[in-house]
Amino acid sequence: MRDQPNIIITGTPGVGKTTHCEMLAQNTGLTHLSINQISKEQDIRETYDEELKTWIVDEDKVVDAVMDKLEVGGYLVDWHACDMFPERLIDLVVVLRVDSTLLYDRLKARDYPEVKLQENLDCEIMEVLLDEARENYAEEVVVELRSDTTEEIEANIERIEAWIKQWKEDHANKA
Ligand code: DAT
């Protein structure tokens, strides 16, 4: 039995996952689990896609690397995919969404190559991550939140903090 929840913060690259996870980690004491960072540190990157200028990670190895942590609970999983984590270990899936013009500007600032930029814009417009979350988790576990402005970040953080508080209360009552 976990006494802290696990939350996935997902969405297209540039949507604000890292920003949200860092603020939430600071405010709530949950730990930011950046899959990007773990895949670099543990060398679970598989191949380098020259055209997209990006590493493809081995998802089975990602899950192996974080399973023990998720079993304990208290993690904010930061990744642009959510379908590989066991449903029983995930209590909330937050799918961040952004206006495509704003996303274009954020990715342009990262010097993404044109093909990678376009692929990510398509991913956002086609709601790929939202569909993936809805296909893999129960309806009540998936929350879609806007991340266009800093005011929205603040509102999202407040809302997720309230959810964490409620989760802890509910689980304390059950214990
Ligand atoms: P991700 O981790 O999803 O790739 P990020 O947190 O690194 O995204 O954010 C990318 C950039 O966009 C970064 O400069 C912060 C900015 N940003 C993210 N969410 C924002 C928001 N809701 N309002 C304004 N800027 C935002």
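All values reported here derive from a predicted model rather than from experimental measurement. All ligand and atom numbering here is 1-based and tracks the order in the structure.
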- [ ] Keeping the roles fixed (side chain from Asp91, backbone from Ile7), state whether a donor-acceptor pair exists under 3.5 Å.
- [x] no
Among all protein non-hydrogen atoms, which one is nearest to [atom], and what is the separation to 0.1 Å?
| atom | answer |
| --- | --- |
| atom 8 (O) of ligand 1 | Gly16 N, 3.1 Å |
| atom 10 (C) of ligand 1 | Arg110 NH2, 3.6 Å |
| atom 23 (N) of ligand 1 | Thr149 C, 3.1 Å |
| atom 15 (C) of ligand 1 | Thr19 OG1, 3.8 Å |
| atom 25 (N) of ligand 1 | Arg106 NH2, 3.7 Å |

Open item on the list: Please work out, at 4.0 Å between heavy atoms, whether the side chain, the backbone, both, or neither of Met23 comes within that distance of ligand 1.
Closed with: neither
- [ ] Report yes if Thr18 has an N/O atom closer than 3.5 Å to an N/O atom of ligand 1; otherwise report no.
- [x] yes
- [ ] Report the residues that fulfil salt bridge (charged side-chain N to carboxylate O under 4.0 Å, His left out) with Glu50, sequence neighbours left out, ordered by chain and then residue number.
- [x] Lys53
TODO: Consider only side-chain N and O atoms of His20 and Asn156, and report whether a donor and an acceptor are under 3.5 Å apart.
DONE: yes
TODO: Tell me yes or no: between the side chains of Glu41 and Gln37, is some donor less than 3.5 Å from an acceptor?
DONE: yes
- [ ] Any pair with a residue in residues 123-138 that passes side-chain hydrogen bond (donor to acceptor under 3.5 Å, both in side chains), sequence neighbours left out, goes on the list, sorted by first then second residue, please.
- [x] Thr12-Glu124, Arg97-Glu124, Arg97-Glu127
